[in-house]
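Worksheet: one structure, shown below.
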2 protein chains.
Amino acid sequence: MATLGDLERTVMDLLWTTPEAMTANELRDAIAEAPSGEVGRELAVTTVLTVLSRLEKKGLVTRERDSRPHRYMSVTSREDHTAELMHEVLVTAPDREAVLARFIGSVSDAEAQTLRKLLGGS
Amino acid sequence: MATLGDLERTVMDLLWTTPEAMTANELRDAIAEAPSGEVGRELAVTTVLTVLSRLEKKGLVTRERDSRPHRYMSVTSREDHTAELMHEVLVTAPDREAVLARFIGSVSDAEAQTLRKLLGGS
DNA sequence: AATGTTCTTCTACACATCGTAGAACATGTG
DNA sequence: CACATGTTCTACGATGTGTAGAAGAACATT
């Protein structure tokens with residue numbers, strides 16, 4: 001199960017919210033001005049590169065290797081990734097119906113409404 | 001996020017599938033004859049106790065401290081725990097609606113059916 | 001081609017978690 | 001009290017993560 005550390009998470013968040021692929025330097029700068037992590041963290045570029053390599057090994061990130069400063073991008077959208085994780089969690093339990101029942105109970109009314117709409121037809 | 005190791009998982013599985021609270025020795029024996037873990041693992045009782053302590057610290061397990069061989073039991077059902085995990089994952093994404101859309105795309109027809117039933121009314 | 005600049009990979013270390021268990025301590029029984 | 005049985009403390013190796021310097025590769029400029 002691909003569980004992310006804090007910094008890995010931060011990097012993924014940036015890659016997910018930024019439309020274009022980013023270089024390690026751009027990422028370092030973005031982390032420095034991070035509105036998310038309260039404290040502006042001044043990381044070395046190599047740190048960011050190490051994290052990116054690890055994320056690449058986990059299959060969450062790819063890079064354009066030809067363009068000189070390599071440009072990194074996420075392989076899947078945050079939504080796809082999150083949904084996939086949810087599914088991975090779901091299938092760890094033998095009685096999925098029961099799990100879903102509890103799960104439904106935990107979502108907000110708005111979300112329940114969304115689900116109804118999505119499941120609508122058939 | 002409470003992510004479990006392999007042995008921790010095995011122990012939780014046993015606690016979840018056994019109706020009564022169990023002692024460390026009972027757990028050790030159950031693990032030895034584990035039909036799940038293919039290989040019969042002969043663990044020391046202290047190993048099991050350590051794992052139980054850690055699970056207790058994580059809030060997944062309690063024990064009756066008065067009865068002499070302490071009896072351990074899970075705090076929540078596997079279904080509750082799994083549903084809670086799913087919810088924790090869900091809320092990591094800003095656009096939950098989009099996540100849910102992907103998610104229901106990934107569940108089986110039977111599960112979708114269940115969800116419809118559960119959401120039915122209102 | 002030689003040199004400097006920029007980027008990437010290798011190597012490394014500290015810290016946390018987990019599997020594993022012995023040593024030491026506690027408790028109840030004969 | 002001595003013994004058996006159970007629990008806590010301490011510990012060590014393996015792996016994952018945050019962190020970054022050192023070394024190597026590639027490009028631009030003279």
Side-chain angles (χ1 to χ4, degrees), chain A residues 1-15 20-32 34 36-73 85 88 92, chain B residues 1-15 20-32 34 36-73 85 88 92:
Chain A
M1 187 112 34
T3 254
L4 302 183
D6 286 349
L7 183 48
E8 290 176 328
R9 183 76 205 184
T10 301
V11 169
M12 285 312 297
D13 278 343
L14 285 167
L15 290 180
E20 309 90 32
M22 300 176 81
T23 68
N25 270 298
E26 288 168 358
L27 278 164
R28 180 181 49 62
D29 295 345
I31 294 170
S36 38
E38 335 107 15
V39 183
R41 336 201 293 137
E42 292 286 339
L43 294 177
V45 192
T46 51
T47 301
V48 178
L49 281 164
T50 303
V51 170
L52 284 168
S53 296
R54 290 173 181 168
L55 289 171
E56 191 181 33
K57 192 184 308 180
K58 293 186 194 182
L60 292 180
V61 159
T62 357
R63 63 175 113 180
E64 291 159 4
R65 274 205 147 81
D66 33 322
S67 74
R68 204 38 189 143
H70 291 183
R71 304 196 84 82
Y72 296 79
M73 70 209 81
L85 263 192
E88 272 177 33
T92 62
Chain B
M1 185 116 32
T3 255
L4 302 183
D6 287 348
L7 182 49
E8 291 176 328
R9 182 76 206 183
T10 302
V11 169
M12 286 312 297
D13 279 342
L14 285 166
L15 290 179
E20 309 88 32
M22 300 176 81
T23 67
N25 269 299
E26 288 168 357
L27 278 164
R28 182 180 49 62
D29 294 346
I31 294 170
S36 37
E38 335 106 14
V39 182
R41 336 202 294 140
E42 293 285 340
L43 294 178
V45 192
T46 51
T47 301
V48 178
L49 281 163
T50 302
V51 170
L52 284 168
S53 296
R54 290 173 182 167
L55 289 171
E56 191 182 32
K57 191 184 308 177
K58 293 185 193 180
L60 292 180
V61 159
T62 356
R63 61 175 115 182
E64 293 158 1
R65 274 204 147 78
D66 32 322
S67 75
R68 206 35 187 143
H70 292 182
R71 305 197 82 82
Y72 296 80
M73 71 208 81
L85 263 192
E88 272 177 32
T92 62

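So you know, we letter chains A, B, ... as the sequences are listed, proteins then strands, and number each from 1. Source: prediction; values computed, not measured.
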Rounded to whole Å, please give me the gap between [atom1] in [X] and [atom2] in [N].
{"X": "B:Arg65", "N": "C:dG28", "atom1": "CZ", "atom2": "P", "answer": "14 Å"}
{"X": "A:Asp6", "N": "D:dT19", "atom1": "CG", "atom2": "C1'", "answer": "14 Å"}
{"X": "B:Leu4", "N": "C:dG19", "atom1": "CG", "atom2": "C1'", "answer": "14 Å"}
{"X": "B:Arg28", "N": "D:dT7", "atom1": "CZ", "atom2": "P", "answer": "12 Å"}
{"X": "B:Glu8", "N": "C:dA16", "atom1": "CD", "atom2": "P", "answer": "17 Å"}
{"X": "B:Met12", "N": "C:dG19", "atom1": "CE", "atom2": "C1'", "answer": "17 Å"}
{"X": "B:Arg71", "N": "D:dT5", "atom1": "CZ", "atom2": "C1'", "answer": "15 Å"}

*Does any non-hydrogen side-chain atom of A:Lys58 lie less than 4.5 Å from one of A:Leu4?*
yes
*asked:* Could you measure the distance from the CD atom of A:Glu42 to the OG1 atom of A:Thr47? Nearest 0.5 Å is fine.
replied: 11.5 Å
*Just checking B:Leu43: base, sugar-phosphate only, or nothing, at a heavy-atom cut-off of under 4.0 Å?*
sugar-phosphate
*Touch check for A:Arg9, heavy atoms < 4.0 angstrom, all strands: base, sugar-phosphate only, or nothing?*
nothing
*Only counting residues at least two apart or in another chain, list the ones meeting side chain to side chain donor-acceptor pair (under 3.5 Å) with A:Arg9.*
none
*Reckon B:His70 has a side-chain N or O less than 4.0 Å from the OP1 or OP2 of D:dT7?*
yes
*asked:* Check this one for me: any side-chain N or O of B:Arg41 less than 4.0 Å away from OP1 or OP2 of C:dT20?
replied: yes
*Using a strict cut-off of less than 4.0 Å between a Lys/Arg side-chain nitrogen and an Asp/Glu carboxylate oxygen, indicate whether B:Arg71 and B:Glu20 qualify as a salt bridge.*
no
*How about A:Asp6: does its CG atom have over 12 heavy atoms from other parts shown lying under 6.0 Å from it?*
no
Any N/O pairs under 3.5 Å between the protein and nucleotides 25-30 of chain D? List them or say none.
none

*Using heavy atoms to find the nearest nucleotide of DNA chain D for A:Leu7 and B:Arg63 separately, return the residue whose nucleotide is more 5′.*
B:Arg63
*Contacts to DNA chain D from residues 46-62 of chain A, heavy-atom cutoff under 4.0 Å, which residues?*
A:Thr46, A:Thr47, A:Thr50, A:Arg54, A:Lys58
_Non-hydrogen atoms of B:Met22 and B:Leu27 that approach each other most closely_ = SD-CD2, 3.7 Å
*Restricting to pairs with a member in residues 45-54 of chain A, which pass salt bridge (Lys or Arg N to Asp or Glu O under 4.0 Å), not counting sequence neighbours?*
none
*Could you tell me which residues satisfy side chain to side chain contact (heavy atoms under 4.5 Å, CB included) with A:Thr46, sequence neighbours excluded, listed by chain and number?*
A:Ala44
*Identify, with sequence neighbours excluded, every residue that meets side chain to side chain contact (heavy atoms under 4.5 Å, CB included) alongside B:Ser53.*
B:Arg63
